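Got a structure for you, questions after.
These numbers come from a predicted model, not from an experiment. Lettering of chains follows the sequences in order, A, B, ..., and the numbering in each one begins at 1.
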2 protein chains.
Amino acid sequence: MTGRVTSFDVAEAAGVSQSTVSRALRGEPSIGTETVARIVAAAAALDYVPSDRARDLSRGTTKRIAMVVDLENPLWSLLVGRLHDLLADLSYHLTLIAGHPDSEVLDPALLGGGIDGVILSTVALDSTLPAILQRRSVPTVLLQRYTEGGELDSSVADDRAGGAASAQILLDAGHRRIGALLGPRNTSTGRDREAGFRECLADAGIELDEALVRMGSFDFSHGYESVSGLFSGETESPTALFCSNDSIAFGALNRACELGIAVPGDLAIVGFDDLEQASWATLSLSTVHVPFDDMLHSAVTMLMERIAGRTGLGRRVIHPVYPVLRSTHGD
Amino acid sequence: MTGRVTSFDVAEAAGVSQSTVSRALRGEPSIGTETVARIVAAAAALDYVPSDRARDLSRGTTKRIAMVVDLENPLWSLLVGRLHDLLADLSYHLTLIAGHPDSEVLDPALLGGGIDGVILSTVALDSTLPAILQRRSVPTVLLQRYTEGGELDSSVADDRAGGAASAQILLDAGHRRIGALLGPRNTSTGRDREAGFRECLADAGIELDEALVRMGSFDFSHGYESVSGLFSGETESPTALFCSNDSIAFGALNRACELGIAVPGDLAIVGFDDLEQASWATLSLSTVHVPFDDMLHSAVTMLMERIAGRTGLGRRVIHPVYPVLRSTHGD
DNA sequence: TTATGTTGTGCATACGCATGCACGATAAAA
DNA sequence: TTTTATCGTGCATGCGTATGCACAACATAA
C-alpha cells in the first residue's frame with residue numbers, strides 16, 4: 001500500500017543489489033560515484049520512497065520523541081511548540097501523549113519501542129511512571145516538574161525562589177493581607193512555589209491567613225472561582241493574591257474585572273510563568289518569569305545524551321527565574 | 001535494546017509457538033482458554049511488551065496520524081489538543097509536523113508510511129502538498145482551509161458567511177468608516193473572510209476605504225502593528241476594525257489599549273474564531289464563533305473513512321458560524 | 001612476481017510480529 | 001466404525017531496510 005516500490009525494485013532497475021541501493025541512498029561513501037548516480041536516477045524514476053516502518057524496525061530507532069502533556073493546562077502549547085522546533089533540528093519528530101498529574105494511566109506507546117525517548121511534563125511528585133520508564137530503559141527526562149526519587153534527569157525552574165520573589169513583590173507593594181491561590185501539592189511546582197511563598201512571608205514576619213488560601217488545579221477556573229469565593233463577603237477579603245501560575249491569575253483577574261474589583265487598586269495579583277499574554281496591555285500581569293526556552297533546551301540536551309547512551313544517576317538542572325513587574329501588583 | 005523479551009521468549013516459557021503467543025495476546029478467539037491463561041502468565045512473568053516497531057511493519061499500519069500545523073498561529077494548540085483526544089478514542093496517536101502556508105517543505109515523514117493519515121491545517125490555496133499526498137495515496141483531510149483543486153476531503157467553516165456577519169455587526173452598530181486587518185489572500189480563510197466582509201459592505205452601499213485595509217499574517221503582531229499605523233495620524237482613522245481572526249484582534253485591542261484608544265468608544269473591533277480568551281471579561285471580544293469541535297469531528301470521521309478505504313472525490317463539509325456579541329463592537 | 005592493500009558490491013541474515021495454510025485431535029453425525 | 005465438522009496449534013513466510021562479512025578487481029609496495 002504505502003511504498004509499493006521497494007529498494008529491491010530500485011536495485012533491479014539499477015542493476016545492483018538491494019544492499020547497494022540502501023547504502024547508496026543513505027550516502028555511504030563506500031559506493032562508487034557512478035553507481036550512486038545510477039541508483040539515484042532509478043529511484044527517482046520509480047518514485048521510490050523508503051519505508052519508515054521498515055527502517056524503524058531494522059535500525060531499532062524511530063527518531064520520534066513522545067511528550068506527555070496535560071491538555072488541561074494551557075502551558076502545554078507553549079512547551080510543545082518550541083519543543084517541536086528543537087527536536088526538528090535534531091531530525092526527531094514529536095508525538096503527543098495526554099497525561100494528567102493524577103491519573104496514572106501509562107500509555108502503552110511509551111514502552112513499545114515506538115519512540116526513542118520521553119519528555120514528561122505532568123508528573124506528580126509520587127508518580128510511578130518515571131520508575132517504570134527507567135526500569136524499561138526508556139530514555140526519559142522530566143521537564144517542568146520533578147519527582148521524589150531523583151533517578152531521572154530533570155529540567156525545572158527555581159520554583160521555590162520564584163514563590164519567594166512573588167511574595168516579596170507583594171510585600172514591597174505594601175500588602176499585608178495576602179491571599180494565595182495555590183496549585184496541587186502533589187506536584188513539585190505546586191509544592192515549591194507555595195513553600196517559597198510561605199517562607200518569604202514568614203521571614204518578613206507576616207502571618208498568612210489560611211482562610212485566604214485556596215488549593216486547586218493550575219487552571220483559569222481555579223482563579224476565577226476562588227475570587228468569587230474570597231469576595232463573597234463572608235470574610236474579610238485580601239488586598240493581594242499570589243497565584244501559583246498565570247492561568248490561575250488570569251482567572252482571578254477576569255473574575256475581579258467582572259465583579260468590579262479594581263486591580264490593583266482593590267486587589268493586587270501576581271502570577272507565575274510569564275506567559276505571552278501576561279505582557280498584553282489589557283492584562284499587564286505582574287508575574288515571575290520562567291525561562292521555558294532554557295528549560296526545554298537542557299531537557300532536550302539531556303534526553304539526547306541518554307539516547308546516546310549516557311547512564312548514571314539523574315541530573316537536575318534548576319533554571320533561575322526573575323520577577324516581572326507590570327501593572328497588577330500594586331505599588 | 002527496547003524489548004529484549006520477544007514473543008519467542010514468551011512462547012518458549014509457555015511451551016507454545018510464537019504464533020500462538022501473538023494470537024493469544026491479541027485476543028484471537030481461536031486459542032484455547034487454558035493456553036491463553038498460560039501465555040498471559042508467562043508474558044507477565046517475563047515483563048513482555050510487544051514491539052510497536054515490529055507490529056507496525058508487519059501490519060502495515062501505525063495507528064499514528066500526522067497533523068501539519070502552523071506553529072506561528074496560536075490556533076493550532078486549540079486544534080491539536082482536541083484532536084489528540086478524538087484520535088485517542090480511536091486508538092490513534094498524534095504526531096506534530098510544522099508547516100507554514102508559504103514554505104512548501106514536504107516533511108519526508110508524511111510519505112514514508114510512518115503514519116496512517118494526515119490532517120493538513122496550514123495549506124495555502126495553491127499548495128502542492130495535497131496533490132502529492134493524494135498521488136501517494138496517503139489518506140488526507142484538509143482541516144480549516146481548503147485548496148483550489150477539490151480532490152481531498154475538507155472540513156472548514158463558512159468563512160464567507162462569517163466575514164459577512166462580522167461586517168453586519170459593525171454596520172448594525174452604526175459604523176461607516178470601517179477598516180480591515182486581513183489575513184493572507186493565499187489561504188482560503190483569508191480570502192473568504194475578506195470576500196464575505198466586502199460583499200456585505202457592498203450590499204449595504206458602504207464603500208471600503210482601501211487606505212484602511214491592511215494585509216498580513218494571522219497573528220497578534222499584525223493587529224498590533226496595523227493599529228499603530230492606522231492611528232499614526234497620517235490619515236483619518238477608522239471607527240471600527242474587522243479582523244480576520246481573533247489573534248489579530250487581540251493585537252489590535254492591546255495596541256489600542258496602549259495608545260489610549262478606547263474600545264469600543266473610539267474604535268470598535270470584531271474578531272473571528274471565538275478563541276477562549278475572547279470570552280474573558282478583560283477582553284470581551286465580539287467575534288464570530290467557529291465550531292472547531294464540529295470541524296475536527298467531521299475531519300476525523302472523513303479521515304477514518306479514507307483510511308478504511310473509501311475512495312472517490314473529495315467531500316467538503318462546511319460548518320456554519322455565528323456572531324458572538326460581546327463588548328468590543330460598539331453598539 | 002609475490003605480498004599487501006584499497007575499493008566497490010553482493011550475499012545472507014537480523015529485526016519481531018502477523019497471518020495463510022496445514023494438520024492432528026477430539027467431537028458430532030451417519 | 002467411518003465420515004464430516006470443529007477446534008486449537010504450529011510451520012513457514014512476509015513486511016522492507018540495515019549491515020557484518022566475504023570476495024573480486026585493481027593498485028601499490030617489496
Electrostatic pair B:Arg145:B:Asp159 at N-O distance under 4.0 angstrom: no
Lys/Arg N to Asp/Glu carboxylate O, A:Arg136 vs B:Asp47, below 4.0 Å: yes
Contact nearer the 5' end of DNA chain D, comparing B:Ser58 with B:Ser30: B:Ser30
Euclidean distance, atom CD of residue A:Glu34 to atom C1' of D:dA25 [Å, nearest integer]: 15 Å
Closest-nucleotide ordering on DNA chain C, the 5'-leading residue of A:Gly32 and A:Ala54: A:Gly32
Sugar-phosphate, base or nothing in reach of B:Val21, heavy atoms under 4.0 Å: nothing
A:Thr6 side chain, from C-beta outward: closest of D:dG16, C:dC11, C:dC17: D:dG16
Within 45° cone and under 6.0 Å: A:Arg82 NZ/CZ vs A:Phe292 ring: no
Nearest-angstrom distance from the residue atom CD1 of A:Ile31 to C1' of D:dA18: 13 Å
Closest to the B:Leu57 side chain, choosing from D:dC15, D:dT17, C:dT9: D:dC15
Distance-only donor-acceptor test, B:Arg53 side-chain atoms vs D:dG16 base atoms, 3.5 Å: no
Which atom of A:Pro130 lies closest to which atom of A:Leu152, heavy atoms considered: CB-CD1, 3.3 Å
Nucleotide of D:dC11, C:dC17, D:dT19 approaching A:Ser19 most closely (side-chain heavy atoms): D:dT19
Presence of A:Arg26 side-chain N/O under 4.0 Å of D:dT19 phosphate oxygens OP1/OP2: yes
From D:dA18, C:dA18, C:dT19, nucleotide with atom closest to A:Arg59 side chain: D:dA18
Check: B:Thr6 and B:Asp9 side chains under 4.5 Å, non-hydrogen atoms: yes
Separation of atom CG in A:Asp56 from atom P in C:dG16, rounded to whole Å: 13 Å
Whole-Å gap separating P (D:dG8) and CD (B:Glu28): 12 Å
Protein-nucleotide distance (B:Phe8, atom CZ; C:dA18, atom P), rounded to Å: 11 Å
Donor/acceptor link under 3.5 angstrom from A:Thr20 side chain onto base of C:dT9: no
Separation of atom CG in A:Asp52 from atom C1' in D:dA18, rounded to whole Å: 14 Å
Donor + acceptor pair across side chains of A:Asp56, A:Thr62 (<3.5 Å): no
Heavy-atom donor-acceptor pair, B:Gln18 side-chain to C:dA18 base, under 3.5 Å: yes
Under 3.5 Å donor-acceptor pair, B:Arg23 side-chain atoms to C:dG20 base atoms: yes
Phosphate OP1/OP2 of C:dA18 contacted by B:Ser22 side-chain N/O (<4.0 Å): yes
Distance test, side-chain N/O of B:Tyr48 to OP1/OP2 of C:dC17, below 4.0 Å: yes
side-chain N/O B:Ser51 vs C:dG16 OP1/OP2, d < 4.0 Å: no
Whole-Å distance separating the CG atom of B:Leu46 from the P atom of C:dG16: 15 Å
Spacing of B:Leu25 atom CG relative to C:dT19 atom P, expressed in whole Å: 14 Å
